[in-house]
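Every chain is numbered from 1 and lettered A, B, ... according to where its sequence line falls, protein lines coming before strand lines. These numbers come from a predicted model, not from an experiment.
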Protein chains: 2
Amino acid sequence: MSPATGTRYYTIGELASDFDVTTRTIRFYEEAGLLSPARQGQQRIYQESDRVKLKLILRGKRLGFSLAESRELIEQYDPISGNRSQLNALLRKIEERRETLRQQMLDIQLMQTELDAVAKRCHDALATLPDTQQEKRKLTGK
Amino acid sequence: MSPATGTRYYTIGELASDFDVTTRTIRFYEEAGLLSPARQGQQRIYQESDRVKLKLILRGKRLGFSLAESRELIEQYDPISGNRSQLNALLRKIEERRETLRQQMLDIQLMQTELDAVAKRCHDALATLPDTQQEKRKLTGK
DNA sequence: GGCCATGTTGACGTTAACGTAAAGGTTACC
DNA sequence: GGTAACCTTTACGTTAACGTCAACATGGCC
């Protein structure tokens, strides 16, 4: 294979601006054991695998996962190097997480229903509002 | 209408056990302006509307909403008593929240895909594992 | 060689969302 | 009338997830 295997490296600053987080955040994730970038001398250098992990972390955040939970997910992601019982434990955890996701899916649908209801009442209220001259002017573009 | 309009009252303890939270949590939500139960003397008394709000809060929590965000939702829920621009602002916020939900929906689907992949690799690893005598016994039911 | 951008390691500060403990007030029961 | 099971307020403690600031190193460039 040629070296064109897409093996690019990133500085912490690039990563930060790419994912719209601060460098402090990225270092904090490392402290918390979620990332472990290579080094050249003092400096951290990040690879694609680190980007994948960061993406997982941030996606988890948007779903309300704690960093500890995301770390589990990441640890599971990398090395399929366990014995039978470890692998089975992992499968059980995966099922748990699936269950959480199912619940969240449900919650989202219920939330959407709520929002629809509020929006409807909102529109109704707007419709019954006596529109003032000022409002009329705004609507017709002055 | 008869008094059978389902107007039941609840103590803080009932609410807590019904929703599986502590009384501290419920009082905290009140401090934070999310609930404002009636009182008889010193004691708080909760009604159906309070249950609805609490349900919204907890659902929000499962989706990673902050209490401040849930409070907004609740404030919106109750009084359609605004003027035109308030109502329009409300509608914009609803759209924002819908966008968040859409993103979360996407995140969930991506997460599920990840989980599928990990599970698959997990199963593969299990299949290629040399199963020991002990493992065989377990599988065949001793 | 000075400066600027970017990196590094501490270390302390902050916010949200409660937990926990203290001290006391009701009502119900035996 | 005591004690048990609730409720109340007040207040300090805790954890997660960073923010912020200081003090210093490093590489490029003019």
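If you find the closest nucleotide of DNA chain D to S66(A) and to G13(B), the one lying nearer the 5' end belongs to G13(B).
The distance from atom CZ of F28(B) to atom P of dG19(C) is 10 Å, rounded to the nearest whole Å. If you take CD1 of I26(A) and C1' of dG7(C), they are 13 Å apart, rounded to a whole angstrom. Summarising the geometry, the separation between CD1 on I12(A) and P on dT6(C) is reported as 13 Å, rounded to the nearest angstrom. For the pair R24(A) CZ and dT9(C) P, the computed distance is 11 Å after rounding to whole Å. Atom-to-atom, CD of E14(A) to P of dA5(C) comes out at 17 Å; the value is rounded to the nearest Å.
A salt bridge is defined here as a Lys NZ or Arg NE, NH1 or NH2 lying under 4.0 Å from an Asp or Glu carboxylate O, and D124(B) with K120(B) meets this definition. With respect to the salt-bridge test (charged N to carboxylate O, under 4.0 angstrom), the residues E31(B) and R24(B) qualify. Ion pairing between R92(A) and E95(A) fails under the 4.0 Å rule for side-chain N and carboxylate O. Salt-bridge formation is not detected for the pair E48(B)/K55(B): no Lys NZ or Arg NE/NH1/NH2 atom is positioned less than 4.0 Å from an Asp or Glu carboxylate oxygen. The residues D116(A) and R98(B) are annotated as salt-bridged, a charged nitrogen and a carboxylate oxygen being separated by less than 4.0 angstrom.
The nearest pair of heavy atoms linking Q104(B) to R62(A) is NE2-O, 2.9 Å.
The side chain of R27(A) places an N or O atom within less than 4.0 Å of a non-bridging phosphate oxygen (OP1 or OP2) of dT8(C).
The nucleotide range of DNA chain D contacted by chain A, defined by atoms under 4.0 angstrom from heavy atoms of the protein and reported 5' to 3', is dA17(D) to dT20(D).
Remark: nothing in residues 40-47 of chain B comes within less than 4.0 Å of DNA chain C through any heavy atom.
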When the side chains of residues 34-41 of chain A are checked against the rest of the protein, which donor-acceptor pairs come out under 3.5 Å, sequence neighbours left out?
| from | atom 1 | to | atom 2 | distance (Å) |
| --- | --- | --- | --- | --- |
| R39(A) | NH1 | Q42(A) | O | 2.8 |
| R39(A) | NH2 | E30(A) | OE2 | 3.3 |

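A side-chain contact (heavy atoms from CB on, under 4.5 Å) with L54(A) holds for exactly one of L58(A), V52(A), D50(A); it is L58(A).
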